[in-house]
Amino acid sequence: MTDPTGDPRPPRNRDAARAGTRSGCPVQPVPTGSGGRPAYTVTGYAEAREALSDARLSKDTAAYFAGKESRRRLHPALAQNMLASDPPRHTRLRKLVTGAFTTGAVRELRPFIGRVTEDLLHRWPVGERFDLVAGLAVPLPVIVICELLGVPPTDRADVRRWSAELFAAGEPDVIDAASHALAGYMRDLITAKRRAPGGTLLDRLIAARDGDDHLSEDELVSLAVLLLVAGHETTTNAIGNAVLALLQHPTELERLRRDPDAIASALDELLRFDSPVSTATFRFSTEAISLGGTDIPAGVPVLVALGEANRDPARFAAPGVLDLDREAAAHLGFGHGVHRCLGAPLARAEMEIALRAVLTRCPGIRLAVPAEELRRRRTRLVRGLVSLPVLA
C-alpha cells in the first residue's frame with residue numbers, strides 16, 4: 001500500500017513536475033526508482049484538466065496495489081474513502097456528505113467562522129511578532145471542521161498532530177503510525193457517539209451506517225478521517241499562502257485593505273498563484289491512453305501537478321504575476337471533474353473571513369523576517385508554510 005498521497009516517487013524525483021514545466025513538456029515519464037515502469041507527471045493546464053476528468057485514470061488505490069508487496073503498514077480503512085474510489089462507489093459516498101458543504105450550509109457556518117477568527121486574532125499581542133500560520137491558519141480550519149464533525153475540543157491538538165504526520169514526506173513509519181492513530185481515534189469517537197448521539201455531521205453519517213444505507217464500518221471510519229484531514233489541511237495552506245502572496249505584492253494588499261468586499265473575488269487568483277495542493281491524489285491508467293501527445297501505457301501511476309498547471313503560461317498569461325484583475329475561476333486549485341474538492345465552499349469562506357479580519361485589524365501587517373528565511377512544509381501533496389512570522 002502506498003502513502004496517503006499515492007505518490008510512488010522517491011525523494012529525488014519530487015521536483016519532476018517543475019522540471020516538466022521548465023522543459024515545455026506537459027506530460028512526461030518520471031522514474032519511480034523501483035526498476036519498474038515509470039510514473040507519468042502532468043504539468044500542462046489543458047492536459048491536467050483532461051486527466052482529472054478522464055474515467056480511464058482510476059483512483060481505486062486498492063485495485064492498483066492489490067497483490068503488490070509492500071513494507072508499508074497504513075491502516076486499511078484509509079483506502080476506503082472517496083478519494084480512493086471510482087464511480088459508482090465514489091458517487092454513493094460523496095452523496096452522503098454533499099449537503100454539509102453546499103453554499104447554503106456554509107453560509108450558516110459563517111458567523112461561527114467569524115467568531116473563531118476574531119478570537120484567534122485577539123490573542124495577537126499589539127506591536128509584537130505573530131506567527132500567522134500557528135496562530136490563525138492552522139487553528140481556524142481545525143476548529144471549524146472539528147466543530148462540524150463533533151470532535152471534542154480536548155482532542156483537537158492530537159487530531160492536528162496526526163494529520164500533519166500523515167503528510168510527512170520521506171517518513172513512511174511516521175505516516176503509517178499516524179494513519180493508525182487517526183483511524184483508531186475515529187473508531188473510538190464513533191463508538192462514543194453511538195452511546196450518546198448528537199446532531200453533528202458525524203452523527204448523521206453514523207445514522208446512515210446504522211440505518212443500512214450501504215455504508216460499511218470501514219467506509220464510515222475512512223470517510224470521517226478524510227473529512228477531518230482534508231477539511232483543514234488544504235485551507236491551512238491556502239490562508240498562509242494567500243497572506244504571503246499579498247505581503248509580497250503590497251499594491252494588491254493595499255487594494256484589498258481599502259476594499260475588503262473585493263476579497264471574495266480575489267480568492268481564485270490567490271489560489272491559482274500559490275496552490276495549496278501541489279499534486280492531485282493518486283491516479284493510474286486502466287488502459288493505454290494518449291495525453292498531451294504522450295502515450296501512457298496501462299497500469300501506471302499518473303500524477304497531476306495542480307500547482308504547475310495553474311502556472312501554465314499557455315492558459316494564464318504571465319503566470320508568475322499576482323493579478324487580482326485576472327479571470328482565474330478556472331484554476332485547478334480545487335481539482336476538476338467528479339473528484340473536485342467537496343469542501344471548496346467552506347475553504348473559500350474561511351479564506352475570505354480570515355483575510356478580511358487580518359487586513360481590517362492589522363492594516364500595517366508586514367513580514368517579520370526576510371522572505372528567503374521562510375520555510376515550506378516538506379510534503380508530497382500539499383504546499384504550505386511551516387510558519388509565517390508577521391508584525392502589524
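Values below: every heavy atom of this structure, side chains too, minus hydrogens, waters and symmetry copies. For this chain, numbers begin at 1 and follow the sequence in order.
The only option from T43, D295, V42 that meets the side-chain contact (heavy atoms from CB on, under 4.5 Å) definition with V27 turns out to be V42. V358 pairs with exactly one of L136, T117, L246 by the side-chain contact (heavy atoms from CB on, under 4.5 Å) rule, that one being L136.
One finds the SG atom of C362 at 4.0 Å from the CH2 atom of W124 (value rounded to the nearest 0.5 Å). Note that the CG atom of L220 and the CG atom of L93 stand 10.5 Å from one another [nearest 0.5 Å].
Here L391 pairs with R129, R366, A368 under the side-chain contact (heavy atoms from CB on, under 4.5 Å) rule; sequence neighbours left out. Under the side-chain hydrogen bond (donor to acceptor under 3.5 Å, both in side chains) criterion, E118 pairs with R361, not counting sequence neighbours. Legend: residues meeting side-chain contact (heavy atoms from CB on, under 4.5 Å) with Q248, ordered by chain and number and at least two apart, are L244, A371. By the side-chain contact (heavy atoms from CB on, under 4.5 Å) test, P88 is found to be paired with no residue, residues two or more places apart in sequence or in another chain being considered.
Looking at heavy atoms from C-beta onward, I289 lies in side-chain contact with L57 at the 4.5 angstrom threshold. Looking at P389 and L374, their side chains come closer than 4.5 Å, going by heavy atoms from C-beta outward. Within the 4.5 Å cutoff, the side chain of L202 has heavy atoms near those of the I190 side chain.
Both F112 and L121 are assigned to one and the same hydrophobic cluster, defined by single-linkage of ILVMFWY side chains at heavy-atom distances under 4.5 Å. Hydrophobic clustering places V369 together with L132 (ILVMFWY residues linked when any side-chain heavy atoms are closer than 4.5 Å, directly or through intermediates).
The pair D119-R123 counts as a salt bridge, with a side-chain nitrogen and a carboxylate oxygen less than 4.0 angstrom apart. Between R272 and E269 a salt bridge is recorded (basic side-chain N to carboxylate O distance below 4.0 Å). A salt bridge is defined here as a Lys NZ or Arg NE, NH1 or NH2 lying under 4.0 Å from an Asp or Glu carboxylate O, and D218 with R187 meets this definition. Contact check on D210 versus R194 returns a salt bridge, with a Lys/Arg side-chain nitrogen under 4.0 Å from an Asp/Glu carboxylate oxygen.
At distances below 3.5 Å, not a single donor-acceptor pair connects side-chain atoms of T41 with backbone N or O atoms of L303. Between the side chain of S53 and the backbone N or O of R49, at least one donor-acceptor pair lies under 3.5 Å. Q28 places no side-chain N or O within 3.5 Å of a backbone atom of V30 that could act as its donor or acceptor partner. Between the side chain of S265 and the backbone N or O of A262 there is at least one donor-acceptor pair closer than 3.5 Å. Side-chain atoms of N81 never come within 3.5 Å of backbone atoms of L223 as a donor-acceptor pair (strictly under, hydrogens ignored). Formation of a donor-acceptor pair under 3.5 Å by the T236 side chain with backbone atoms of H232 is found in this model. Looking at S285, its side chain does come within 3.5 Å of a backbone N or O of G299 through a donor-acceptor pair. Side-chain atoms of R326 come within 3.5 Å of backbone atoms of A317 as a donor-acceptor pair (strictly under, hydrogens ignored).
Side-chain contact annotation: N237 with R376, donor-acceptor N/O pair under 3.5 Å absent. Judged purely by distance below 3.5 Å, without hydrogens or angles, the side chains of Y185 and D158 never pair a donor atom with an acceptor atom. No hydrogens or angles considered: a donor-acceptor pair under 3.5 Å links the side chains of D203 and T200.
Sorted by first and then second residue, the pairs that involve residues 224-235 and meet salt bridge (Lys or Arg N to Asp or Glu O under 4.0 Å), not counting sequence neighbours, are R160-E233, E233-R377.
Ring geometry for Y64 versus F284: interplanar angle of 30 to 60°, hence tilted.
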Stepwise salt bridge (Lys or Arg N to Asp or Glu O under 4.0 Å) test for R110 and E352:
CA-CA 10 Å; R110 289 181 70 93; E352 179 191 350; 3.4 Å; yes
Is there a salt bridge (Lys or Arg N to Asp or Glu O under 4.0 Å) between E47 and R315? Walk through the geometry before answering.
CA-CA 11 Å; E47 294 77 14; R315 176 60 181 83; over 6 Å; no
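Because its NZ or CZ atom is both nearer than 6.0 Å to the ring centre of F273 and within 45° of the ring axis, R311 counts as a cation-pi partner of that residue.
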Could you list the donor-acceptor pairs under 3.5 angstrom formed by side chains in residues 332-351, with sequence neighbours left out?
from, atom 1, to, atom 2, distance (Å)
H339, ND1, H90, NE2, 3.4
H339, NE2, S85, O, 3.4
R348, NH1, D268, OD1, 2.7
R348, NH2, A264, O, 3.4

